[in-house]
Amino acid sequence: MKAKIIKDITSYEKSAYKSQYFRKALADTDYVLCLVSAAEFLGLCNWTTEAPIYVYTKEECERNHIQIASKNGLYYTTVNQTINDLLSDDTIDEQVILEALADQYYKNHYADLDIQPRNQAVFQKFRPWAEQYYTDE
């Protein structure tokens, strides 16, 4: 499933931080943060300085059995869903994928992740780099 990209420059310029921008741009919509935007919101990677917001609709999520959660009225894909989505999209900046996997490795050695079979090869490619990400070697 392909994510939609939203860009609300007015809200972006009037927001002190990225999660505030997400809340302003997505208020009263049926959008669900996904991919890089969900990774940013969940703290899985460093914040980017770009305005695009990656989203699915709630209807698409329900239809495709995509795991979502919400906080203070903002919907987003779960950590597990976000990482699987990142791994399956070859247009995503590899740094985002690496940081997200490193976060999960250092949190609990990927214990919370259920990597889908179609994403295993990409996961195995990034795994050694993620496990060395925070070391001095």
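Note that the structure is predicted; figures quoted are calculated from it, not measured. FYI, the numbering just counts along the sequence from 1.
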Q: Begin from the C-alpha positions of N80 and Q67 and carry the test side chain to side chain contact (heavy atoms under 4.5 Å, CB included) through to its verdict.
A: CA-CA 8 Å; N80 188 66; Q67 304 164 0; 3.7 Å; yes

Q: Can you establish whether the number of heavy atoms outside Q124 located under 6.0 Å from its atom CD is more than 12?
A: yes

Q.
As an exercise, state the distance from CG of L98 to CZ of R127, rounded to the nearest 0.5 Å.
A. 14.0 Å

Listing, residues 29-40 side-chain donor-acceptor contacts under 3.5 Å, not counting sequence neighbours, or none:
from	atom 1	to	atom 2	distance (Å)
T29	OG1	L26	O	2.7
T29	OG1	Y31	N	3.3
Y31	OH	K4	NZ	2.8
S37	OG	Y54	N	2.8
E40	OE1	K18	NZ	3.3
E40	OE2	K18	NZ	3.1
E40	OE2	T48	N	2.7
E40	OE2	T48	OG1	2.6

Q.
For a side chain to side chain contact (heavy atoms under 4.5 Å, CB included) check, start with the C-alpha distance between M1 and I66, then their side-chain angles and the critical distance, and finish with the verdict.
A. CA-CA 10 Å; M1 184 170 71; I66 293 175; 2.8 Å; yes

Q | Any donor-acceptor pair under 3.5 Å from T78 side chain to Q81 backbone | A | yes

Q: Output the distance between atom CD1 (I68) and atom OH (Y56), rounded to the nearest 0.5 Å.
A: 12.0 Å

Q) Can any side-chain N or O of N119 pair as donor or acceptor with the backbone N or O of N84 at less than 3.5 Å? A) yes

**Q.** Check: Y106 ring centroid to Y133 ring centroid under 6.0 Å
**A.** no

Q.
If you define the side chain from C-beta out and look only at heavy atoms, does anything of V79 sit under 4.5 Å from D112?
A. no

Q.
If I take atom CD1 from residue I97 and atom OG1 from residue T82, how far apart are they, to the nearest 0.5 angstrom?
A. 12.0 Å

Q) Backbone N or O of N46 within a donor-acceptor pair of the E99 side chain at under 3.5 Å? A) yes

Q.
Within this structure, what is the OG-CD1 distance for the pair S88 and I83, rounded to the nearest 0.5 Å?
A. 12.0 Å

Q.
Do Q104 and L44 have side chains that approach each other closer than 4.5 Å (heavy atoms only, starting at C-beta)?
A. yes

Q: Supply the atom-to-atom distance F22 CZ to L74 CG, rounded to the nearest 0.5 angstrom.
A: 8.0 Å

Q. Cationic tip of K58 within the cone over Y75's six-membered ring, i.e. under 6.0 Å and within 45° of the normal?
A. yes

(Q) Before you tell me yes or no, could you show the steps for K2 and E60 under salt bridge (Lys or Arg N to Asp or Glu O under 4.0 Å), namely the whole-Å CA-CA distance, both residues' side-chain angles and the distance that decides it to 0.1 Å? (A) CA-CA 10 Å; K2 187 134 173 92; E60 289 171 321; over 6 Å; no

Q.
Within the structure provided, determine whether Q20 and Y12 are in side-chain contact (heavy-atom separation under 4.5 Å).
A. no

Q) Under a single-linkage definition using a 4.5 Å side-chain heavy-atom cutoff for Ile, Leu, Val, Met, Phe, Trp and Tyr, are I9 and Y17 assigned to the same hydrophobic cluster? A) no

Q | Backbone N/O of K14 and side chain of K24: donor-acceptor pair under 3.5 Å | A | yes

Q.
Between D89 and T91 (side chain of the first, backbone of the second, donor and acceptor by atom type, cut-off under 3.5 Å), is there such a pair?
A. yes

Q) Within the distance-only criterion (no hydrogens, no angle test), does the side chain of Y21 pair as donor or acceptor with the backbone N or O of D8 below 3.5 angstrom? A) yes

Q: To the nearest 0.5 angstrom, please state how far the CG atom of L101 sits from the CZ atom of F123.
A: 6.0 Å

**Q.** Worked verdict on V96 versus L86 for side chain to side chain contact (heavy atoms under 4.5 Å, CB included)
**A.** CA-CA 8 Å; V96 173; L86 291 170; 4.1 Å; yes

Q: Report yes if the side chains of I53 and K7 come closer than 4.5 Å at any heavy-atom pair, otherwise no.
A: no

Q) Going through the distances and angles, do E131 and F126 end up as a side chain to side chain contact (heavy atoms under 4.5 Å, CB included)? A) CA-CA 9 Å; E131 292 173 6; F126 282 100; over 6 Å; no

